[in-house]
Amino acid sequence: MIIHPVTRQCEHGQICVAARIELEKPPYNLPEFLWFKFPEAQVSFVSDYADGFVLALLYLAQVRGENIHVRGTLSPRLCYGINEYQRIRNLRDPRRYQPIEISADRYIRRESSGDNILSLFSGGIDSFYTLWTHLPQNEKYAGNSVTHALFVQGFDFGLHQTAMFEICRAAYSRMLGEWDVALLTASTNVRSFVLGNWSKAVSPVLLGLAHIIGRSISRVYMPAEYSYTEGLVGIASALQYGLLSSEGLEVLNDGSRISKFDRIAAMAQVPATYNTLRVCYTRPDGLMNCCECGKCINTMTALEICGTLKNYSTFPKPLTHQRIRAAHSSYAALPIYLSSLRGTLSQHRYDLALDTGIMLLQNSFRWGAHALKKRFAKPNPPNKTRTPAP
Amino acid sequence: MIIHPQTPKIENGEITVSAGIELQKPPYDFPKTLWFRFPEAQAEFVSERADGFAVALLNLALLRGEDIQLRGTLSPRLAWGMQEFQRVQSLWHPHEKKPVTICADDYARTEPGAGKIGCAFSGGVDSFFTLWTHLPQNEPYRGNAVSYGLFVQGLDIGLHETHTFETHRTAYAKILREWGVELLTARTNIRAFDQAGDWVYAITPALASVVHLLGRGLGRFYIPASEFYAEQPPWGPDAFLSALLSSEEVQILEDGAGFDKYEKIEAVARIPASYDCLRVCYQDASGLVNCGKCDKCVHTMTSLALCGALPKYSTFPKPLTRRKILFSKTPYTMLAIELSTLNAALRAHRYDYASGISFKLFWNSLRWGSSWLRKRMGLM
């Protein structure tokens, strides 16, 4: 896979940074250009480097087993980190992720040109928690406060869902403005390059976007999905994203110190979330959640335990026993459901605990079949990219 | 625990940076001062900030459940990372390590570091591997090459073992000079603040503390990883923890965790410079000679023998006998490392080594089992 030189164009009040992507083996059913667009007012943040493009295409390259060559410059620190990161993915799931080589025409260290701190923001629990705890008034250590948040169209909101995106952008921009945090926005067609499981690709893609918009940013907080004990591979689940830093932009995974349930409980006390909390990715409708998918149900259950579900206008449908029991959940999210289950038990809500238990039992049959399939999969042979040869 | 940084002093050709330590609850049987000494020639690298002292005492504070108050300036990035680090430690060791509060008189970001890269160097397999792979001639990404190696007295080499330290320092300085890398050295009494049996967990913050105190101008620092990403200690490999102890100035990265121990030994066995100075022994090392008896020596010797390189190593003067392979004691924490050698022996059809390692692991597993049971029953 060749990433051709990054180009920058300004039109209709937007800056578009794009690169032509040349695939080296079939299937070729992907767009010719990968692009990221930003409002022109954000021009001082937008970088022309290819660092972010490599991260955006890493999942695709590993899944296709295709090396990446960049016709341009790359950060050597980022190359180092990407190699470590892809090695971890290959060791963890050798059938899905093949080891690849990453190279560029030139390697140049990135200098940080600003002290701004960015937090990735989707309006969900994790991003609210990270943002809230790093607001100047809540931040324990002066110098760690968030100055900017980044909200993206093209991830969970499709490129055609502009009206929905605008509703959310307006709401979040107003709320963050009151907290003295500037909202940056972006749109991208990167999702067209992810053939397969988007949830496996989204983190490096998001960090790639942070590198592209990170010219005057020195640190980016990546809101953690898992706590240090919840991830399937322990702290590696939480801390591996730090590898995807460059010399000038450090990526910090934030929020893993407490469980998902504790994060929901903390956010349940923040009134600003009552009209803006958005967790659904299966059928989102502006700021409204579907109230039926596993993620909605888990969040609603936790909010119910905290006694604040009724305050949330973004969960318009009621939480019923039937809905909890019928929810569809993924095995990767099991630790999150277990933390909610522990929460229900600690609050003596045995009715909700029973429903959650039944839901997990039903889903476990599905996971069992999946685990068996994975267990007997054949791994790809390892490929070492860094063996000394004196 | 109150940390009072003191003004750096220069005497006898050394710069001493130190801090008075005020403990707030018993036991008080620790030195009153934590110090680090560096040759005067390294003055340009010595930081005047107090970040290193806070990191140095983090593990002790967790063990004692005592909050840290730093009478000085702390990097907010480091403060964030120390909070995360202690959270992981207290999850791993809930009975031994209690979460503490970390605060300082002032918080100020450190200046972003220059482009130079350093690397901890003890002369062992992991150090040789990391340093060698990041030499300018071996580094695939220009800009990631190491410029400085850091060798410390007071960690595995005791402060009284000056002869051993000097022998190593001279040998390593010569090798590194030939590779275009400058060797920095340091001495510290940090180990006096370690509680018995906990050094394996204290070593990472100890090394990070030296980096913060001697890292002015460094942008990145590699700590050679002793673990492999695929190994699973309690909740995953701890190769990521060091990065938490970075500041705005210096990014600390644990390097080499993408390879298992045998792969590293096999790679190091192809570096002729290691033949006369590979040092793995931490039990009874004398000068540049390894004891050849302890678990770490026997394991390394077995791996080198499998690669066919053991006879080239003058630092292992004692022969590797079958008896040593069969009967050496090995701790449970070495299991993954031993298994990497066992797999290599099987791949190479060296069933003599494979059977020896298997036997050793079998009888050691009985020892681990009984030790675990005794611990579980409160008999230890």
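Here B/Ser226 pairs with B/Asp126 under the side-chain contact (heavy atoms from CB on, under 4.5 Å) rule; sequence neighbours left out. Partners of B/Asp106 under the salt bridge (Lys or Arg N to Asp or Glu O under 4.0 Å) rule, at least two apart in sequence or in another chain, do not exist in this structure.
Put simply, the side chain of A/Leu239 reaches to within 4.5 Å of the side chain of B/Leu241, judged on heavy atoms. For the pair B/Pro76 and A/Glu139, the minimum side-chain heavy-atom distance is 4.5 Å or more. Inter-residue side-chain proximity for B/Tyr141 and A/Ile102 is flagged as met; some heavy-atom pair is nearer than 4.5 Å.
Side-chain polar atoms of B/Asn144 and A/Tyr107 form no donor-acceptor pair below 3.5 angstrom. Side-chain atoms of B/Asp255 and A/Tyr80 include a donor-acceptor pair closer than 3.5 Å.
Contact detail for B/Tyr107 and A/Lys140: the closest heavy-atom pair is CE1-O, 4.5 Å. In plain terms, the two heavy atoms of A/Leu91 and B/Tyr229 that are nearest each other are CD1-CB, 3.7 Å. B/Gln251 approaches A/Ser245 most closely through the heavy-atom pair NE2-CB, 4.4 Å. Between B/Gly143 and A/Arg109, the shortest heavy-atom contact is O-NH2, 2.7 Å.
Using a 4.5 Å cut-off between heavy atoms, B/Gln86 does not touch chain A at all. Looking at A/Asn253, only its backbone comes within 4.5 Å of chain B, counting heavy atoms on both sides. With a threshold of 4.5 angstrom between heavy atoms, A/Leu78 does not approach chain B through any atom at all. With a 4.5 Å cut-off on non-hydrogen atoms, B/Ile117 touches chain A through its side chain but not through its backbone. Interface residue A/Leu243: only side-chain heavy atoms are found under 4.5 Å from chain B.
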Dump the intermediate steps for side-chain contact (heavy atoms from CB on, under 4.5 Å) on B/Ser246 and A/Glu250, then the final yes or no. CA-CA 10 Å; B/Ser246 304; A/Glu250 190 180 22; 4.2 Å; yes

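Residues of residues 77-85 of chain B lying within less than 4.5 angstrom of chain A, judged on heavy atoms, are B/Arg77, B/Ala79, B/Trp80, B/Gln83, B/Glu84 in numerical order. Inspection of non-hydrogen atoms places A/Arg219, A/Tyr221 of residues 215-222 of chain A under 4.5 Å from chain B.
When the candidates A/Asp254, A/Ile108, A/Leu74 are compared by the number of heavy-atom contacts under 4.5 Å with chain B, A/Asp254 comes out ahead.
Rounded to the nearest 0.5 Å, atoms OG (B/Ser90) and CZ (A/Arg257) are 12.0 Å apart. Atom-to-atom distance recorded for B/Ser75:OG and A/Tyr141:OH is 11.0 Å, nearest 0.5 angstrom.
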